[in-house]
Amino acid sequence: MAQTEVKKNLKSEITSLLLVILFALSIRIFLIELFFVLTTSMQATILANDYIFSTKYSYGFSRYSIPFSPDLFKGRIFASVPERGDIIIMRPPHDMNTRYIKRLIGLPGEKIEIKKDVTYINDIPVERTKVGEYLDETNQEYIKYKETFPNGLSFYTYKLKELDGIAETGHSDFGPYIVPKGHFFFMGDNRDQSGDSRYQLGFVPFENLIAKAQFIFLSTKEIFWDEKLGILDQLARFWTWLSSVRFDRLFKSLYDIDK
């Protein structure tokens with residue numbers, strides 16, 4: 001084969017590879033992304049080691065929609081304001097190297113207050129009813145509540161059983177505060193074990209929102225890749241990981257709580 005033809009084929013292969021990478025990157029930036037959850041702050045709506053299918057276009061796009069968040073532009077383009085109750089992936093203002101996932105509670109300009117675990121929005125309490133108990137995979141006990149927003153969205157929240165009925169400053173009582181313009185107030189569904197807007201997260205700028213969480217794509221009790229283990233040990237535990245799949249959670253909507 002002539003050298004010219006070899007160079008031509010190599011150029012064609014590189015071009016094809018770059019197009020594939022560009023296509024995959026475009027999907028991740030503009031359409032969908034899988035988000036891996038490490039913490040229990042949204043338990044039991046979302047568990048640790050859940051892979052969450054999210055839509056990137058739901059609120060428009062900011063520089064945080066792009067991997068590594070390059071400072072290409074300010075604000076959002078094609079912006080769409082989120083709705084109360086949305087579960088949102090974001091960049092926390094205090095740690096721009098991390099991504100959080102929380103439930104949207106307060107919109108810009110609203111007065112938020114928590115009194116004895118009941119959330120008040122503009123002095124109106126969010127409907128909250130005890131529906132049972134929940135035992136997690138570590139045998140930690142929670143009281144399970146059903147909360148309903150004025151827009152009709154219902155969801156479950158969880159209170160540590162050992163703290164139920166006990167006034168915990170910061171957990172059970174907060175505010176009142178007014179959500180600043182262009183910012184949002186978030187909380188985790190695991191109300192006693194969430195670093196949310198009541199703590200270090202604070203009010204989150206609209207620009208920091210990345211995507212809307214939609215449903216659970218995959219869920220496992222064991223983490224797939226343990227950085228503490230070598231390659232051979234990783235391969236050896238593959239079947240252990242596979243056998244830990246939580247099949248009852250696959251493709252489960254984060255908003256249809258009755259299924």
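Keep in mind that this is a model prediction, so the values were computed, not measured. Just the heavy atoms: all of them, side chains too, but no hydrogens, waters or symmetry mates, feed the values below.
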>> How close do Leu250 and Ser219 get, counting heavy atoms only, and between which atoms?
In response: CD2-N, 3.7 Å
> Okay, side chain of Arg91, backbone of Val204: is any donor-acceptor separation there less than 3.5 Å?
Replying inline: no
>> Taking the side chain as everything from C-beta on, heavy atoms only, tell me whether Lys102 gets closer than 4.5 Å to Leu201.
In response: yes
> Heavy atoms, side chains only, cut-off 4.5 Å: are Arg246 and Asp248 in contact?
Replying inline: yes
>> Go through it in stages, so that I can follow the logic: the residues are Asp256 and Ser253, the test is side chain to side chain donor-acceptor pair (under 3.5 Å), and I'd like the CA-CA distance, side-chain angles, deciding distance and then a yes or no.
In response: CA-CA 6 Å; Asp256 189 353; Ser253 170; 5.8 Å; no
> Any link between Ile14 and Leu22 through a network of hydrophobic side chains (Ile, Leu, Val, Met, Phe, Trp, Tyr) touching at under 4.5 Å?
Replying inline: no
>> Checking side chain to side chain donor-acceptor pair (under 3.5 Å) between Asp50 and each of Lys252, Gln43, Arg249, which is the one that passes?
In response: Arg249
> With a 6.0 Å cut-off on ring centres, are His94 and Tyr100 close enough?
Replying inline: yes
> Are Lys111 and Tyr120 in a cation-pi contact, defined as NZ or CZ under 6.0 Å from the six-membered ring centre and within 45° of the axis?
Replying inline: no
>> When you measure from the side chain of Ser194 to the backbone of Arg191, do you find a donor-acceptor pair of N or O atoms at a distance under 3.5 Å?
In response: no
>> How about CD on Glu83, more than 12 heavy atoms from neighbouring residues, nucleotides or ligands closer than 6.0 Å, or not?
In response: no
> For Glu147, does its backbone N or O pair with a side-chain atom of Arg128 as donor and acceptor, under 3.5 Å?
Replying inline: no
> Using the ring of each side chain (for Trp, its six-membered ring), is Tyr158 parallel, tilted or perpendicular to Tyr142, with breaks at 30° and 60°?
Replying inline: perpendicular
> Do Arg103 and Met187 have side chains that get closer than 4.5 Å, going by heavy atoms?
Replying inline: no
> If every non-hydrogen atom of Thr119 is compared with every non-hydrogen atom of Ile114, which pair is closest and at what distance?
Replying inline: OG1-CG1, 4.2 Å
> Is the centre of the Tyr177 ring less than 6.0 Å from the centre of the Phe185 ring?
Replying inline: no
>> Keeping Asp86 on the side-chain end and Ile88 on the backbone end, is there a donor-acceptor pair under 3.5 Å?
In response: no
>> I'd like to check the ring-ring contact (aromatic ring centres under 6.0 Å, His included) partners of Phe35; sequence neighbours left out, ordered by chain and number.
In response: none
> Does Glu33 come within less than 4.0 Å of Arg99, counting only side-chain N to carboxylate O?
Replying inline: yes
>> I'd like to know whether CG of Leu232 has more than 12 heavy-atom contacts from other residues, nucleotides or ligands below 6.0 angstrom.
In response: no
> Can we say Lys116 and Asp173 salt-bridge, meaning some charged N sits less than 4.0 Å from an Asp/Glu carboxylate O?
Replying inline: no
> Under the side chain to side chain donor-acceptor pair (under 3.5 Å) criterion, do Ser62 and Glu207 qualify, and how do the steps go?
Replying inline: CA-CA 6 Å; Ser62 74; Glu207 183 182 30; 5.6 Å; no
> Can you tell which of Phe203, Tyr59, Phe206 makes a ring pair (Phe, Tyr, Trp, His ring centres under 6.0 Å) with Phe184?
Replying inline: Phe206
> Do you know which of Phe36, Phe217, Phe224 makes ring pair (Phe, Tyr, Trp, His ring centres under 6.0 Å) with Tyr51?
Replying inline: Phe36
>> Could you check whether any side-chain heavy atom of Gln140 comes within less than 4.5 Å of a side-chain heavy atom of Leu160, counting everything from C-beta outward?
In response: yes
> Checking side chain to side chain contact (heavy atoms under 4.5 Å, CB included) for the pair Tyr64/Met90: CA distance, chi angles, key distance, verdict?
Replying inline: CA-CA 8 Å; Tyr64 301 111; Met90 73 200 76; over 6 Å; no
> Hey, what do you get for OG (Ser65) to CG (Leu209), rounding to the nearest 0.5 Å?
Replying inline: 9.5 Å
>> Less than 4.0 angstrom from a charged side-chain N to a carboxylate O is my criterion; do Glu222 and Arg237 meet it?
In response: yes
> What's the spacing between Ile101 CD1 and Ile52 CD1 if we round to 0.5 Å?
Replying inline: 5.5 Å
>> Show the nearest heavy-atom pair for residues Ser58 and Gln214, with the distance to one decimal.
In response: OG-NE2, 4.1 Å
> To the nearest 0.5 Å, how far apart are CD1 in Ile87 and OG in Ser54?
Replying inline: 12.0 Å
> Leu153 and Thr148: side chain to side chain contact (heavy atoms under 4.5 Å, CB included), yes or no, with the steps?
Replying inline: CA-CA 6 Å; Leu153 177 72; Thr148 303; over 6 Å; no
>> Are Glu110 and Asn122 packed together at the side-chain level, in the sense that at least one heavy-atom pair is separated by less than 4.5 angstrom?
In response: yes
> So does Glu133 pair up with Lys159, basic N to acidic O under 4.0 Å?
Replying inline: no
>> Contact between Met42 and Asn190 at the side-chain level, heavy atoms closer than 4.5 Å - yes or no?
In response: no
> Do other residues, nucleotides or ligands put more than 12 heavy atoms under 6.0 Å from Phe238 CZ?
Replying inline: yes
> Is the NZ or CZ atom of Lys144 both under 6.0 Å from the centre of the six-membered ring of Tyr134 and within 45° of that ring's axis?
Replying inline: no
>> side chain to side chain contact (heavy atoms under 4.5 Å, CB included) for Leu107 and Val179? Distances and angles first, verdict last.
In response: CA-CA 7 Å; Leu107 305 177; Val179 182; over 6 Å; no
>> Quick one, Phe78 and Phe61 - any side-chain contact, counting heavy atoms below 4.5 Å?
In response: yes
>> Between Ile121 and Phe149, does the side chain to side chain contact (heavy atoms under 4.5 Å, CB included) criterion hold? Intermediate values first, please.
In response: CA-CA 9 Å; Ile121 302 173; Phe149 286 135; 4.1 Å; yes
> Taking only residues two or more places apart in sequence or in another chain, which ones pass salt bridge (charged side-chain N to carboxylate O under 4.0 Å, His left out) with Asp71?
Replying inline: Arg63, Lys74
>> Could you check whether Asp189 and Thr157, counting side-chain N and O atoms only, form a donor-acceptor pair closer than 3.5 Å?
In response: no
> Considering only heavy atoms from C-beta outward, does the side chain of Val126 approach that of Val118 to under 4.5 Å?
Replying inline: no
> Shortest non-hydrogen contact from Gly106 to Ile112?
Replying inline: CA-CD1, 3.7 Å
> Checking side chain to side chain contact (heavy atoms under 4.5 Å, CB included) against Asn49, which of Val37, Thr220, Val245, Leu218 comes through?
Replying inline: Thr220
